[in-house]
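Single-structure report; data block below.
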Amino acid sequence: MRAVVLALTVALVASQQINLVPEFAPDKTYVYNYEALLLGGLPQEGLARAGIKVNSKVHLSAVNENTFLMKLMDPLIHEYAGIWPKDPFVPATKLTSALAAQLQIPIKFEYANGVVGKVFAPAGVSPTVLNLHRGILNILQLNLKKTQNIYELQEAGAQGVCRTHYVISEDPKANHITVTKSKDLSHCQERIMKDVGLAYTERCAECTERIKSLIETATYNYIMKPASAGVLIAEATVQEVHQFSPFNEIHGAAQMEAKQTLAFVEIEKTPVVPINADYLARGSLQYEFATEILQTPIHLMKISDAPAQIIEVLKHLVANNVDMVHEDAPLKFVQLIQLLRVSTLENIEAIWAQFKDKPAYRRWLLDALPSVGTPVILKLIKEKFLADELTLPEFIQALVVALQMVTADLDTIQLTASLAMHEKIAKIPALREVVMLGYGSMIAKHCVAVPTCSAELLRPIHEIAAEATSKNDIPEITLALKVLGNAGHPASLKPIMKLLPGLRTAATSLPLSVQVDATLALRNIAKKEPKLVQPVALQLLLDRALHPEVRMVACIVLFEAKPSVALVSSLAGALKTETNMHVVSFAYSHIKSLTRITAPDMAAVAGAANVAIKLMSRKLDRLSFRFSRALQRDFYHTPLMVGAAGSAYMINDAVTILPRAVVAKARAYLAGAAADVLEIGVRTEGIQEALLKSPAADESVDRITKIKRTLRALTNWKDLPNNQPLASAYIKLLGQEVAFVKIDKTIIEEAIPLATGPKPRQLLKAALKALQEGIALQYAKPLLAAEMRRILPTAVGLPMELSLYTAAVAAARVNVQATITPPLPEEIETMTLEQLKKTDVQLQAEARPSIALQTFAVMGVNTALIQAAVMARGKIRTITPGKVTARADILKGNYKVEALPVEVPEHIAAVSFETLAVVRNIEEPTAERTVPLVPELAGQNSQTPADYLSSENPDEVPLRAPAPFDKTLCLAVPYIEIKGCVEVHSHNAAFIRNAPLFYIIGQHSARATVARAEGPAVERLELEVQVGPRAAERLLEQISLIDDETPEGKAFLLKLREILETEDKNRPVSSESRSSSSSSSSSSSSSMSSSRVTETATIMEPFRKFHKDRYLAPHGASKKVSSGSDASSFQRIQKQAKFLGNAVPPVFAVIARAVRVDHKLLGYQLAAYFDKPTARLQLVVTSIAENDNQKICIDGALLSKHKVTAKLAWGPECQQYAVTAKAEAGVLGEFPAVRLELEWERLPITVTTYAKKLSKHIPMAAFQAGFRLERVMNSEKEIELTAALPNQRSLNVIARIPEMTLSRMGISLPFAIPINPDGSLSIQIDEDILSWIQKHIKEE
């Protein structure tokens, strides 16, 4: 009985189980209402958004069991650019009419068990329209399981194969089934996207673990009703969000929101009928990229006749960028690039043939063509060079840019390979190197786009490396290694290892430079396969039989491969027994610098370094800078996801005075991506080997002998072999080596005739002749500085794009005319120095340089039919005209420069930044609708941030922007009657949220103007220098200083003293009381801490000066005696002649003045006097204006071989303020030392106020710098700095300032200072340095 009941129960359940497959019965047409909305902007209401809406009826009917037809009826497209949600959508009537016929063509698709298969459509359906159909089919994609209600899988859709989560629930009361499907578009097995300009950036996964810059998710909700053979989709809604911010998303983000609604209406009997055309297989449900790759998102162009439009834009650029750059020149340049991208090779060749002989047009074309980035352009550049239509510099410039911009596919890689192997290229080694390096970069870009790229692409380079190795062709091996390093393909690891020393290969016999290059070639491979590279790099580093430079380079590679804590700890343990101190110093400094790294992608390495550093001896901290070093510093701001890092590596040699290699690298982080921006490396390989073979390598000799032998070895470069390079250098951009150079004996031999032969004289002659005849130059240089794009499909079927564009154009007009009296001889090489001295040269030059730069950041829909996006647009434009005349009368020692008035534009500089919502369509390209993202409202509607924050429910309060900030700042420059103004306007969305993004969005601008101020006009500005005995004659006003001993001088000083006393009474008393209280507290602190500073006190022995006749002074000489004697001797010299101008003529004079139409004297003059018997120099600066007794006086004297004193005084007759500086050499304890003292009698109140504020930060700064601080009562008007040398590589520093003394002992120096313990120099420099070098080179 029980068995019967159980069987009946199972049968009942089986009969009630519903088939969840969507049903579209034959002979029926299912009619749905469809609406798709795609909207971009910020999520807050009251701000502008841009978007598109599509409404239509959808008819679905079955052709057979698994094939169906879908037709759109009555489609209507709407545009939106307005304040959300207040403003309405606007019908795009013309666009709808233009696309109506195409939109209503039925398409076929395969559909079985809820899964969409192949899609078929006639050729007349464009990819963009077909993608809209895919957006509807994407709703029908359902992988429903009968046995599970909650499950997860990787589901194929329009955007790729992505992680999808299903929840199925049944509502018996409502008699329907609810299905919820959510997609995480950030975790896809296969993501459909296109990246442009991002191939050389690295994804920083660690940067986005906690903070995301791009978040993508989609939710699908279905209501299904049971049907006869399955279920009927009664309603489906889709909501998809793409959220992007360059900063932390919690501070706000822009978003693209897609919504779809598919609602069942009715069932009709009329079937959908296909059109009479061939239905072609058009792929699957996955999105198909169309012309949006060629379409820039910053403007929409209706291209009807590309060649004619190219010529039109080209003519506009040439005509409007002559005298100064046009404001929209960067945008026009981008338009030119876009038009060239859609043009055929034949069209471009025709345009080139038309304009190649017109220099201005030719330059614009050669600047635009490489930025196009299509295979057509690369082919064109190759053909034109081989046809001798491009010069070598033009070809190199175009090729370098084109190789970086072109799309890296198999065809372009093959084209680059054929170019590298061409006979004409092979004859020019430098050009072949550029092409070969570009070939490696091309493979690297291709493998980023296609991670499964074939190793066959590198087979030609592997063969070149193998053949060069068999022939021992060192330059070819080097080039092959650099190409493999650029490619960074793991398949190249084995060929590279054959050239690495110590790995059971014959590479040990290869030159050191090859071994180093082979090691460096592993760096890009390490980024892709770090586990493969780490053991190789560690083995090289620990192999003591290898050259130290190879081992240190392996250390660089190892840490770029991000080793584990176990690997780094193993290295630390091995270094304990390492005997080569250069390797130890390099590895230790590298590990220690990594402990301070904060970048997320290096966090694991920093942790490993912190563990390893504890295993190593702290004595290594005290290693001198003469040992090899590695240094890394970085900064990373997590909330903004922005950072920068710098690395510097110095590889020294124990034998020579030059570093073996120096490498510097800069790295940047932004929005979850990282890139090695720039790297420069220099090696002195051949020089080092030459020095090693010379007697300079003898370690037993002293340093001076070693220097003399080194200099002698360098002069014998002719004895070096031809194939041995003396030095080499390379440069990398974005991790790719773009150029390298090796300097050898052959290059030097070729360069010497160029520098000393007749060609430089011919060039000089031609230049001088051209200057005399006059030079008129007009030049414009455009640049597409950045083009970075990411194109992603949305659920609607339209593409969403994130992009950044930066373009700039610089233009200049220069006119130069020279007049030379007497005229130069025909044979300039026969001209003597005496003839040159008698020449009077007058030069007139006028220039009008200008720059325009535009940057666009876009997020939105970008197709060839319609664009709807939020955009940030920045503009910079500067115009700086100038007109000068210069004259040089060498015989009379007179040199004069005049700045003449020029016509100045309304604004010499303008900067603007605005955020907009923009929508435009191809049928009405000139009728674009643009709305500011943050609306500016009238004052009565404005709202303060406090009003918004104080609201009980801010979400219900409509956002009202506060009034914009407007400010105009003007400054008039005295004397020259010029007024400069800066107008600032700013309006942002910070009233919504106090976050970086909301401060940025809005409208910001600043404009600078320069105009003539009120008053007499200025004819010119003059700067004149007169050298020699005629200096006194050129002074416009007689210079004199008041004598304190005369009755007139005493009366002046008495009056000045009264004025200063009045100022002192008016100074704030509080600051003085604070000063006195701090002084007393300092004194108390000093007495309390006296027992704790005994170590410092013992070091601070009295400073003893050197006598004139010997170096070391007796121990009894004290500081006070020294200072007193210095002061008295300097005062005695001053009393002999307070003003040197009364006794000696000026050595030179400098006059700077403004010449006005009213002939009033305005400006300053400087006179320099030198008294040789007393070794005294005096500089006096005076105003040439009437009734202006303000002066600046600098008076200095060399009191002895070891002492120099100078006094700076300024104010009326140089009597108001004064500072005295003394520098003296002597001994501190038993060590040679130097002391610098600054004393002041009176300083401006501004200086003392800021000095007191600064002094509050000194203790913390001193602590961070490792200085010891002692609170003592030092002189209130004196600063003293003493530096002593215990030995030639360390330094003791003591600084005495008011209220405290700072000291630090044993500071390591990066190089030895050649001073002996008795104060004498280790080298003799009494004679001219050149003769000294020549003398010692000739010695045996």
Side-chain angles (χ1 to χ4, degrees), residues 47-48 298 320-321 323-331 806-812 847-857 870-883 899 901-918 930-945 960-992 994 996-1018 1021 1154:
L47 301 178
I298 57 180
N320 292 278
N321 294 278
D323 288 344
M324 59 182 178
V325 67
H326 192 273
E327 181 181 6
D328 289 328
L331 186 60
T806 299
V809 177
R848 198 177 182 86
S850 57
I851 297 174
L853 181 144
Q854 292 189 14
T855 294
F856 302 87
V870 286
M871 176 190 297
R873 179 171 62 196
K875 293 182 179 182
I876 298 175
R877 190 182 185 218
T878 62
I879 305 169
T880 53
K883 186 177 182 180
V902 292
E903 183 182 350
V904 179
E906 182 181 1
H907 299 106
I908 63 168
V911 180
S912 66
F913 178 86
E914 57 184 342
T915 48
L916 310 164
V918 182
T930 302
V931 180
L933 210 58
V934 182
E936 293 188 10
L937 302 180
Q940 62 268 23
N941 295 327
S942 65
Q943 173 178 299
T944 65
R960 298 193 299 272
F965 171 82
D966 288 288
K967 188 85 172 177
T968 300
L969 304 173
C970 290
L971 177 65
V973 182
Y975 303 145
I976 61 176
E977 306 300 340
I978 290 179
K979 182 175 71 173
C981 292
V982 177
E983 304 169 19
V984 180
H985 169 84
S986 181
H987 178 61
N988 58 39
F991 63 93
I992 299 175
N994 185 19
L997 181 65
F998 291 87
Y999 276 100
I1000 292 173
I1001 64 171
Q1003 293 177 310
H1004 315 275
S1005 65
R1007 298 185 301 182
T1009 60
V1010 175
R1012 190 171 68 85
E1014 297 180 0
V1018 176
L1021 301 177

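Values reported hereafter were calculated over all heavy atoms of this structure, with side chains retained and with hydrogens, waters and symmetry mates removed.
Between atom CD1 of residue I992 and atom CG of residue L47 there is a gap of 4.0 Å, rounded to the nearest 0.5 Å. Separation of atoms CZ (F856) and CG (L331) is listed at 5.0 Å; rounding is to 0.5 Å. Rounding to the nearest 0.5 Å gives a distance of 5.0 Å between NZ of K979 and SG of C970. Residue R877 holds its CZ atom at 4.0 Å from CD1 of I879, rounded to the nearest 0.5 Å. Once rounded to the nearest 0.5 Å, the distance linking NZ of K875 with CD of Q854 reads 5.0 Å.
The backbone N or O of F965 lies less than 3.5 Å from no partner atom in the side chain of S986, so there is not a single donor-acceptor pair. Side-chain atoms of N321 come within 3.5 Å of backbone N or O of H326 as a donor-acceptor pair. When atom types are taken as modelled, the side chain of R1012 and the backbone of V1018 share no donor-acceptor pair closer than 3.5 angstrom.
With sequence neighbours left out, the salt bridge (Lys or Arg N to Asp or Glu O under 4.0 Å) criterion links K883 to no other residue. In this view, R848 satisfies the salt bridge (Lys or Arg N to Asp or Glu O under 4.0 Å) rule with no residue, not counting sequence neighbours. For E327, the salt bridge (Lys or Arg N to Asp or Glu O under 4.0 Å) criterion is met by no residue, not counting sequence neighbours. Residues satisfying the side chain to side chain donor-acceptor pair (under 3.5 Å) criterion with S1005, sequence neighbours excluded, are absent altogether. Partners of D323 under the salt bridge (Lys or Arg N to Asp or Glu O under 4.0 Å) rule, at least two apart in sequence or in another chain, are R813.
Side chains of V809 and I851 form no contact here, defined as non-hydrogen atoms less than 4.5 Å apart. Residues E903 and P881 form no side-chain contact, since every pair of their non-hydrogen atoms from C-beta on lies 4.5 Å or further apart.
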Taking distance alone, no hydrogens or angles, what donor-acceptor pairs closer than 3.5 Å link side-chain atoms of residues 906-917 to residues at least two apart or in another chain?
residue: E914; atom: OE2; partner: R873; partner atom: NE; Å: 3.1
residue: E914; atom: OE2; partner: R873; partner atom: NH2; Å: 2.5
residue: T915; atom: OG1; partner: G1002; partner atom: N; Å: 2.7
residue: T915; atom: OG1; partner: G1002; partner atom: O; Å: 3.2

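Of all the heavy atoms in N988 and V934, the pair that sits closest is O-CG1, 3.8 Å. Of all the heavy atoms in M324 and A811, the pair that sits closest is C-CB, 4.3 Å. The minimum heavy-atom distance between P330 and A852, with the atom names listed, is CG-O, 3.4 Å. Of all the heavy atoms in V325 and A329, the pair that sits closest is CG2-CB, 3.8 Å.
Side-chain N/O atoms of D966 and H985 include a donor and acceptor closer than 3.5 Å.
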